[in-house]
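Order of the sequence lines sets the chain letters (A, B, ...), proteins ahead of strands, with each chain counted from 1.
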Amino acid sequence: MSLKIYNSLTRQKETFTPINPPYAGMYVCGPTVSGESHLGHARPYVTFDVLYRYLLHNGYKVRYVRNLTDAGHFEEEGREAEDKISKKAVLEKLEPMELVQKYTNLYRWAMDRLNNLPPSIEPTATGHIVEQIEMIKKIIADGYAYEINGSVYFDVEKYNTDYSQKGQPYGILSGRVLEEQIESTRDLDNQDEKRNKSDFALWKNAPPEHIMRWQSPWGEGFPGWHIECSAMSTKYLGEEFDIHGGGMDLQFPHHECEIAQSTVCNHKMPARYWMHNNMITINGRKMGKSYNNVIKLSELFSGSHPLLEQPYHPMTIRFFILQSHYRGTLDFSNEALQASEKALKRLMEAVEWALTNWVVKEAQPAADKTLDGKVQKLVHEFKEFTDDDLNTAKVLANMFELVSVINSVKDKHLPANALASETVMLLKKQLKLFVEDIFGLKSEREGDDGKLEGVLQLLIDIRKEAKGRKDFVTSDKIRNELIALGIQLKDEKDGGMSYTIG
RNA sequence: GGUCCUGUGGCCGAGUGGCUAGGCAGAGCUCUGCAAAAGCUUCCACAGCGGUUCGAAUCCGCUCGGGACCUCCA
């Protein structure tokens, strides 16, 4: 069985077949670094990180491109041209690039904490002004864009007319029909420049107050909203590449416009597989500036937001995201996050124990054939479920069934020889592969230098001695004082002791 | 208004025609000096009303509710 992914373009699951194996190209729309990343941003980056990791595991040589939008977009098209970055820069008395740097750093920090692998290339819009201008020139030359007052607009209607005949009308990705769009598009100010309401800007003339501006054949200005992704994906992945990902809210108009621009320039549909993750909601509502319910990632990690009852570790967030399917909405609540926190802890402790302490004799047959078969099946399904459009939720469900088995062996509720040694080896290997390498989950325990562990071992030894002479006052004191510090001692069945922090 | 998605037990969340995930919370039991942890058992579902079918959470229709996009947005 091979990887199947849901292609928004065809509205069905399709077997993933790269254009030039073993190479695979993947483009994911990155953040606008004029502000801090929030919980909602974590979703696509975690989702596509898992896809990236899985493709790598499957032996593909993946080039993963995720852009940084640092040129600023309009707050609202047609209104007073307000470049987000320049506006904020004035308010905060910062250079635009200083602001960009600040939020880029914060974004990378958050990505790192979420254990997202860095992409192969993280191109910036400002670093590709030349490519964008060249692309716009090409579109004008082909007759699909027009210049007016120093701005350039894409002629959507002409594109739709011409490309409908080729089976690729404008709206093909989102299922919109241009004629209906024209009817329903809201009236915005300053629309008069455009020939049609549905036309979109490729280049905007910069009003004097704009700080970010570049010289172009049409005067000083800045690129439109969508052209950077077309320019950069073409440059680094080619005219036709494998996967294009992003949030559902980008499907229209952003990705639709990308398709139109790239198709005019390169005469090809840019990407074969279009993938869209769904939104994270808070009390059923999408997170968004307009709803005033945005929780920044740094606030989530530190717990400093009125909606938060406590801080949440980045791994809890990652696990929370993986517990649902990426195409469904995921509703945030403290209760849900707390459930994830506990579940993750349970999973990681069992996995850690299995990987480090579960040793089996060579060539040992299974004493419990039924259980052995069940474990085999659960483990084999890791791949099967992941192949099925990244169903991480089902994989995790299987893992939890295995956690019970692992803990039973650990606590000697199950004999050590219940499973065949081969099965145990397979289980350990696949758990490590999926939990750590593919899902990117790691123990929440922060790395220490071993000193803490030494101290704890000392306390454990003292407590053991106290217990040995039935001095429960001392042993309970040690345990109670430690729990007050957030360190929990656990007496094991075999007389040993373990601890968990946090 | 247009386009589309969705409604699963206290909470989160899988599941597309029969085999009724999983996590957290609750209850009971086992283990334990006592805890914790762990294991076992257990309670609580498929918005409503019709229809198709031998059989539906799963397909169809209607009703009600929620949401997304159409505007920066993951």
Side-chain angles (χ1 to χ4, degrees), chain A residues 28-32 34-35 37-48 72-79 82 84 171 174-177 180-181 183-186 188 198 225 245-254 276-281 283-291 294 319-320 323-325 327-347 349-350 353 385 391-401 403-414 467 470-472 475-476 479-480 483 488-493 498-500:
Chain A
V28 172
C29 290
T32 301
S34 60
S37 298
H38 56 71
L39 172 60
H41 291 101
R43 189 136 197 226
Y45 305 140
V46 168
T47 300
F48 292 108
H73 287 166
F74 297 128
E75 213 57 61
E76 194 157 52
E77 192 193 16
R79 285 216 180 139
E82 283 179 332
K84 261 195 204 170
S174 54
R176 277 158 219 271
V177 180
E180 292 170 359
Q181 286 293 304
E183 300 291 312
S184 61
T185 305
R186 290 197 325 200
L188 298 169
S198 52
W225 328 345
M248 240 176 201
D249 47 349
L250 295 179
Q251 200 173 7
F252 188 92
H254 182 59
H276 294 96
N277 63 273
N278 215 317
M279 305 290 107
I280 288 182
T281 55
N283 299 323
R285 272 267 158 74
K286 188 182 89 151
M287 209 177 286
K289 284 160 204 160
S290 39
Y291 293 124
V294 175
F319 179 85
F320 175 63
Q323 253 189 323
S324 70
H325 186 86
R327 278 192 290 116
T329 52
L330 172 58
D331 199 45
F332 166 92
S333 67
N334 282 285
E335 212 178 349
L337 260 290
Q338 282 157 12
S340 287
E341 183 177 88
K342 287 185 183 173
L344 175 64
K345 188 176 170 193
R346 200 164 101 88
L347 174 68
E349 281 179 15
W353 181 84
F385 293 158
N391 202 327
T392 54
K394 284 181 87 169
V395 174
L396 284 174
N398 274 25
M399 285 178 181
F400 277 102
E401 293 202 43
V403 163
S404 293
V405 176
I406 291 170
N407 284 332
S408 293
V409 172
K410 178 185 166 198
D411 288 350
K412 308 208 166 25
H413 293 138
L414 276 174
K467 279 187 69 175
K470 297 218 185 300
D471 177 6
F472 296 122
S475 71
D476 285 353
R479 189 175 64 198
N480 293 339
I483 198 91
Q488 184 174 74
L489 291 185
K490 288 182 278 193
D491 296 349
E492 303 294 340
K493 286 279 181 304
S498 63
Y499 63 89
T500 55

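- Checked by distance alone, A:Asn334 brings no side-chain donor or acceptor within 3.5 Å of a matching partner on the base of B:rC12.
- Between A:Asn277 and B:rA74 there is no side-chain polar atom (N or O) within less than 4.0 angstrom of OP1 or OP2.
- As rounded to the nearest Å, B:rA27 and B:rA37 have P atoms that lie 13 Å from one another.
- Using a 4.0 Å heavy-atom cutoff across all strands shown, A:Leu337 reaches no nucleic acid atom at all.
- In this structure, CG of A:Asp491 is placed 17 Å from C1' of B:rU30, rounded to the nearest angstrom.
- Using a 4.0 Å heavy-atom criterion, one finds that A:Met287 contacts the bases of the nucleic acid, with or without backbone contacts as well.
- Neither OP1 nor OP2 of B:rA36 sits under 4.0 Å from any side-chain N or O of A:Arg479.
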Check your understanding: Could you write nucleotides 13-23 of chain B as a row of B, S and -, 5' to 3', where a protein heavy atom under 4.0 Å of any base atom gives B, of only sugar-phosphate atoms gives S, and otherwise -?
Key -> SSS-----BSB
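- Using a 4.0 Å heavy-atom criterion, one finds that A:Gly246 contacts the sugar-phosphate atoms exclusively.
- B:rA68 and B:rU3 make up a base pair, with Watson-Crick or G-U wobble contacts both under 3.5 Å.
- If you check B:rC59 for Watson-Crick or wobble pairing at under 3.5 angstrom, you find it paired to B:rG51.
- Counting heavy atoms from C-beta outward, A:Phe400 and A:Arg346 have side chains that approach closer than 4.5 Å.
- Looking at which nucleotide of RNA chain B each of A:Pro44 and A:Glu349 is closest to, the 5′-most match is held by A:Glu349.
- Checking side-chain atoms of A:Arg327 against main-chain N and O of A:His276 turns up no donor-acceptor pair under 3.5 Å.
- Base pairing of B:rC40 is made with B:rG28, judged by Watson-Crick or G-U wobble geometry with both donor-acceptor distances under 3.5 Å.
- For the P atom pair drawn from B:rG22 and B:rC5, the interatomic distance equals 30 Å after rounding to whole Å.
- Look at B:rG9: it lacks any Watson-Crick or wobble partner with both distances under 3.5 angstrom.
- Rounded to a whole Å, the CD atom of A:Glu341 is 14 Å from the C1' atom of B:rC12.
- For A:His276 and B:rC73, the NE2 to P distance is 13 Å, given to the nearest whole Å.
- Nearest heavy-atom pair across A:Val405 and A:Leu414 is O-CD1, 4.0 Å.
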